[in-house]
Protein chains: 2
Amino acid sequence: MTSRAESAAATRRALLDAAAELLDEGGLDAVTLREVGARAGVSRGAPYRHFADKESLLIAIGTQAWEQLGDRTQALRADPGLSSGEKLRGGLNALIAIGRTQPHLYKLMFSHPPGDPAALARAAQRSQSEFLAIVAGLVGEQAARRYTALLISSANGIAGMQVSSQLADEKWGGITTEELVDTLVAMIEAQS
Amino acid sequence: MTSRAESAAATRRALLDAAAELLDEGGLDAVTLREVGARAGVSRGAPYRHFADKESLLIAIGTQAWEQLGDRTQALRADPGLSSGEKLRGGLNALIAIGRTQPHLYKLMFSHPPGDPAALARAAQRSQSEFLAIVAGLVGEQAARRYTALLISSANGIAGMQVSSQLADEKWGGITTEELVDTLVAMIEAQS
DNA sequence: TCAGTCAGGTGACAACGTCAACTGAAAGCC
DNA sequence: GGCTTTCAGTTGACGTTGTCACCTGACTGA
């Protein structure tokens, strides 16, 4: 009925899902290969048939998240009913939303693993190129590099501050991530 | 000769130094209580006389780094020979420099531990208040909150991008963190 | 049909964080 | 000074984890 390749792919997916679920529920420490295997319905050693080690499994989860964000940003960019500013705000808020709803996953997306620092960066590249294209429509090809780098860095930082609950501090007067994104985008729009 | 309190304080410091050294050398995974104890010249159980658990030790290291940064920013703010923009650039670049020279320590400073998320945030508060005071001198008390929150978030993000080597990507055209900070500060100065 | 491939299971090992029990020297008290 | 208390430090032990070597059994291709 099910070929070997099919069942292997299903197991791999089950492992990824189980690991992502554990990450969401209890953070990085909760992701143990034993528990991942158990939730996927296999033994503790089974993950080694699909991932070189635990780190590779985590990288795969982060890569998956970057790809989904890339899809979303691409859809925003292609939407003819949105202004450049709206596309920008939409994309940045989508990124930051991950930080709010899935903080552990978010940290994974921006933490370079010791083994292969380039792996996650490659996965992030497409999302970032989408942003670059949007900004280029605002301030031109030349300046877009600098502003996009600043934009993504800032969005990353805003989300990071939120993840570590530092934006909730009273000295900021209850500022929201959306307000920060609006301020940022407005400043960039003013450059055009 | 040496009182008990003195030798205990010396051991505590030796433990902190050893842990910070291991963190620098091999990242978070390299920091094991056994190795920390060994480098500090004590046994593997000794750290538990000074820190509740491994996490508390790591928090202490992060707190220490925030305090040093606070000292530095305070000195910058008090320097009458610097303009507000220069103070700002100096402080932000100091923060980012930690990301460049001690990436593992930097990640520790911005990662909230599961146990007490507020502990590190409290330590970061003073540094952030210093920035708030500087920005208030630029754009006024009212707008300072928003711009400082954005500023620190962005600096955090810039450093984070650098730590994960994502700024080195060719699509940014070899942009440096200093350029990003300059762009950011210039945009904020334009608001006054 | 049959040898080969490969997903999966199991036993084992070293390393780790952590705790309980112990030791010995400094500190406080009479 | 002698006694008791305190407490930094050590050691043995335990459960958990990542990882490997080895085994098994079902699917695959010829």
Side-chain angles (χ1 to χ4, degrees), chain A residues 1-23 25-62 104 108 111-116 119, chain B residues 1-23 25-62 104 108 111-116 119:
Chain A
M1 186 57 58
T2 55
S3 73
R4 182 154 66 178
E6 281 169 351
S7 94
T11 303
R12 186 191 151 93
R13 173 119 307 276
L15 288 169
L16 277 173
D17 290 347
E21 196 178 302
L22 284 165
L23 182 68
E25 291 173 7
L28 208 53
D29 288 348
V31 184
T32 74
L33 289 182
R34 283 165 163 82
E35 184 62 23
V36 167
R39 290 221 186 180
V42 291
S43 77
R44 70 184 190 277
Y48 285 93
R49 295 292 143 195
H50 301 272
F51 304 96
D53 51 18
K54 184 183 180 180
E55 198 173 280
S56 299
L57 171 59
L58 293 174
I59 290 178
I61 294 176
H104 297 112
L108 197 63
S111 76
H112 68 150
D116 183 1
Chain B
M1 187 57 58
T2 55
S3 72
R4 182 155 67 175
E6 281 168 352
S7 96
T11 304
R12 187 191 151 94
R13 172 120 308 275
L15 288 169
L16 277 173
D17 290 347
E21 196 178 303
L22 284 166
L23 182 67
E25 291 174 4
L28 207 54
D29 289 348
V31 184
T32 73
L33 289 184
R34 282 165 162 82
E35 184 63 25
V36 168
R39 290 220 184 178
V42 292
S43 76
R44 70 185 190 278
Y48 286 92
R49 295 293 140 194
H50 301 273
F51 304 95
D53 50 18
K54 184 182 179 180
E55 197 173 282
S56 298
L57 171 60
L58 293 174
I59 290 178
I61 294 176
H104 298 112
L108 197 63
S111 76
H112 69 150
D116 183 2

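Excluded from the calculations below are hydrogen atoms, water molecules and symmetry mates; all remaining heavy atoms, backbone and side chain alike, are included. Proteins get letters first, then strands, A, B, ... in listed order; numbering begins at 1 in each.
- Taking atom CZ of residue B:F51 and atom P of nucleotide D:dA8, one finds them 12 Å apart after rounding to whole Å.
- Remark: C1' of C:dG17 and NZ of B:K54 are 8 Å apart, rounded to the nearest angstrom.
- We find the CZ-OG distance between B:R34 and B:S43 to be 10.0 Å, quoted to the nearest 0.5 Å.
- Checking the phosphate oxygens (OP1, OP2) of D:dG9, a side-chain nitrogen or oxygen of B:H50 falls inside 4.0 Å.
- The structure places OG1 of A:T32 at 7.0 Å from CG of A:L22, a figure rounded to the nearest 0.5 Å.
- As rounded to whole Å, 9 Å separates atom C1' of C:dT18 from atom CG of B:L33.
- Residue order along DNA chain C, read from the 5' end via each residue's closest nucleotide, puts B:R49 first among B:A5 and B:R49.
- Nucleotide D:dT16 holds its C1' atom 12 Å from the CG atom of A:D29, rounded to whole Å.
- OP1 or OP2 of C:dG8 sits under 4.0 Å from a side-chain N or O of A:T11.
- Rounded to an integer number of Å, the gap from A:L58 CG to D:dT19 C1' is 15 Å.
- Side-chain contact check for B:D17 versus B:R13: some heavy-atom pair is nearer than 4.5 Å.
- In this structure, B:R34 atom CZ and D:dG12 atom C1' are separated by 11 Å, rounded to whole Å.
- Separating the CG atom of B:D53 from the P atom of C:dT18 is a distance of 5 Å, rounded to the nearest angstrom.
- Once rounded to the nearest 0.5 Å, the distance linking NZ of A:K54 with CG of A:L28 reads 6.0 Å.
- Atom CG of A:L28 and atom P of D:dT17 are 13 Å apart (whole Å).
- As judged by a 4.0 angstrom heavy-atom cut-off over every strand, A:V36 is placed among residues making no nucleic acid contact.
- At a threshold of 4.5 Å between non-hydrogen side-chain atoms, the residues A:L23 and A:H104 count as touching.
- Within residues 37-47 of chain A, the residues that have a heavy atom under 4.0 Å from DNA chain D are, in order of number, A:R44.
- The phosphate of D:dT16 (OP1 or OP2) has no side-chain N or O of A:T32 nearer than 4.0 angstrom.
- Heavy-atom nearest nucleotides on DNA chain D were determined for B:L15 and for A:A52, and the one closer to the 5' end corresponds to B:L15.
- Between atom CD of residue B:E25 and atom CZ of residue B:R39 there is a gap of 4.0 Å, rounded to the nearest 0.5 Å.
- Taken from OH in A:Y48 to CG in A:L57, the straight-line distance is 10.0 Å, to the nearest 0.5 Å.
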